[in-house]
Structures are given as structure tokens and as C-alpha cells.
Amino acid sequence: FTIARDPLRIIILIAGAFFWLVSLLLSSLIWFIAVKASDPRDEPLQKGLLIFGVMFSVLLQEAFRFLYYKLLRKAIEGLVALSEDGCSPISIQQMAYVAGVGFGLMSGAFSMINLLADALGPGTVGIHGDSQLYFLTSAFMTMVLIFLHTFWGILFFHGCEHRRWWEITAVVVMHLAVSGSTFCNPLYVGSLVPSYLLMAGAATWAYLLSGGSAQNLRRFLLCKS
């Protein structure tokens, strides 16, 4: 509804998904090398490497988000130079939203692929007395990450645009917190509840930074112009 009808937004969406994909490729490569270079029988070490891999992946994703912002900033300058009226056909706020959706959709796609791979077997979820809610909670976690990447894109680009580095830091900290909370699993309440609370906070923050207000929200809910 908000992207598919605009060719320029589709290009920004696909490019954002590509940037997230490259960050995942690099972080996976680093983690793979670290695992192969370590003792696979040392369980504490392997768990530590997994935590390191997740945290490193988060930092790399945010680094690529910054690189994508710089690229889009150059693109806006080119669009302004080529336009007849000297105005860009898309604002930086719209770019931030579309780029965030691109990051989120690719993140969700890979989460879905991993779930489908686990669903192939062997065995059945919960067969050893573990929670049978693995797939359901994973679906909810995938959904919250897609929304969070969208909101983080808006917050991150706003921080870069106005040199508010604390906003960028807040995005990185929230991303680390959400990813770190997954280590509470299979205690799924410990990961889902904080993630959804952070999503509500990030959504409100992104809405206000985008020019939203309580009055606008009330008009939208009441279908008033």
C-alpha cells in the first residue's frame, strides 16, 4: 500500500534488503571462521562464540544501515540536480521508512527460512518435554523484528540527519537488547514481552519524529480529514 505503487521506493526497498543481506553474509563468515578455528567439544566456548556472533551481527547491521544512509543522501543530491524544480521526488523521511522496511523484510525472510529448515526435522518439537510453542513464538519474534527494523530505520536516519548521535546509540542498544533477549529462550516470555514493549516505544518515538501527534492519530482513527 505504501511502497509497491512507487518505482523509486521499490528500488530503495530492494537496495535496503541487499545491504542487510551483505551484513548477514559478512557476520556469518566471521562466525563460521571462529567456530572452525575453535574446539567444537568445548560447549561454553561454543556458546560464547554464538553470543559473540549475534552481537557482532547486530553491530554490522547498524554499520550497514549507516552506509546505506550515506548512499541515499548522495542519491537525494543527484535527484535534486536532475529535477526540473530543484526538489527531490522523495524525502529523507520517506527513504528512512522504505529502507527500514527493506531491512525488516529481508530479516523476516531469513527467519522464516530458518524455521522451515527446522520444521523439516528430525523429530518433533517438544518430543523431549520442551515447549511446543517454538514455531508460534518464533513467528511472533519474526513479526516484531520486521516492525522494529522499520522503526529503527526512521530513528537512525533522523539521528544521522540532525547529528543526534544519542538517537543512533539508542537504536543500537535496542537492537542489542532484543537480540540478546533471545538467549532467554526457551523461556519465551523473557524474549517476547521485552521485545514487544520496545517495539511499542520505538513505534511511538518514530511516529512523533515523523511529525505525528495525538490529534492526527485521533483524526485517523475517526476517519476524519
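Note that these values count all heavy atoms, side chains included, but never hydrogens, waters or copies made by symmetry. Keep in mind it's a predicted model, so treat the numbers as computed, not measured.
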Could you check whether any side-chain N or O of [X] sits under 3.5 Å from a backbone N or O of [Y], counting only pairs where one atom can act as donor and the other as acceptor?
X    : Y    : value
Y69  : A96  : no
R5   : T2   : no
T182 : V178 : no
Q61  : F19  : no
S179 : H175 : yes

Do you know which two heavy atoms are closest between [X] and [Y], and how far apart they sit?
X    : Y    : result
L115 : S138 : CD2-CB, 3.3 Å
N216 : G211 : ND2-O, 3.6 Å
I146 : G104 : CG1-O, 3.3 Å
T142 : S111 : OG1-CB, 3.4 Å
G53  : W31  : CA-CD1, 4.0 Å
L72  : A99  : CD1-CB, 4.3 Å

Given the side-chain rings of F103 and W152, with only the six-membered ring counted for Trp, is the space between their centroids under 6.0 Å?
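So the answer is no for these two rings.
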
In the structure I gave you, are the side-chain heavy atoms of [X] and [Y] within less than 4.5 Å of one another anywhere?
X    : Y    : result
F64  : L60  : yes
W205 : I154 : no
F52  : I30  : yes
I12  : Y68  : yes
L24  : M106 : no
M174 : L148 : no

To the nearest 0.5 Å, what is the distance between [atom1] ([X]) and [atom2] ([Y])?
X    : Y   : atom1 : atom2 : value
S28  : I33 : OG    : CD1   : 11.0 Å
F18  : L21 : CZ    : CG    : 7.0 Å
C160 : F66 : SG    : CZ    : 5.5 Å
L67  : S23 : CG    : OG    : 10.0 Å
Q46  : R41 : CD    : CZ    : 11.0 Å
Q94  : I3  : CD    : CD1   : 10.5 Å

Any luck finding a side-chain donor-acceptor pair between Y97 and S210 under 3.5 Å?
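Distance-only check fails for Y97 and S210.
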
Remaining members of F220's ILVMFWY cluster at a side-chain heavy-atom cut-off under 4.5 Å?
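Traced through the cluster, F220 reaches Y207, L208, L217, L221.
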
Any chain of hydrophobic side-chain contacts (each under 4.5 Å) joining [X] to [Y]?
X    : Y    : result
V193 : L133 : no
V171 : Y196 : yes
L197 : L145 : no
M141 : L187 : no
L13  : F110 : yes

W165 and R163: CA distance, side-chain angles, deciding distance, side chain to side chain contact (heavy atoms under 4.5 Å, CB included) verdict:
CA-CA 6 Å; W165 306 117; R163 299 294 189 270; 3.4 Å; yes

Crowding at [atom1], [X] (>12 non-hydrogen neighbours, <6.0 Å):
X    : atom1 : value
F140 : CZ    : no
F183 : CZ    : yes
F135 : CZ    : yes

With sequence neighbours left out, which residue pairs that include part of residues 164-177 fulfil the salt bridge (Lys or Arg N to Asp or Glu O under 4.0 Å) condition?
R164-E167

Residue pairs meeting salt bridge (Lys or Arg N to Asp or Glu O under 4.0 Å), one or both in residues 63-72, sequence neighbours left out, come to E62-R65

Side chain to side chain contact (heavy atoms under 4.5 Å, CB included) between R73 and M95: does it pass, once the steps are laid out?
CA-CA 9 Å; R73 208 69 191 83; M95 283 186 170; over 6 Å; no

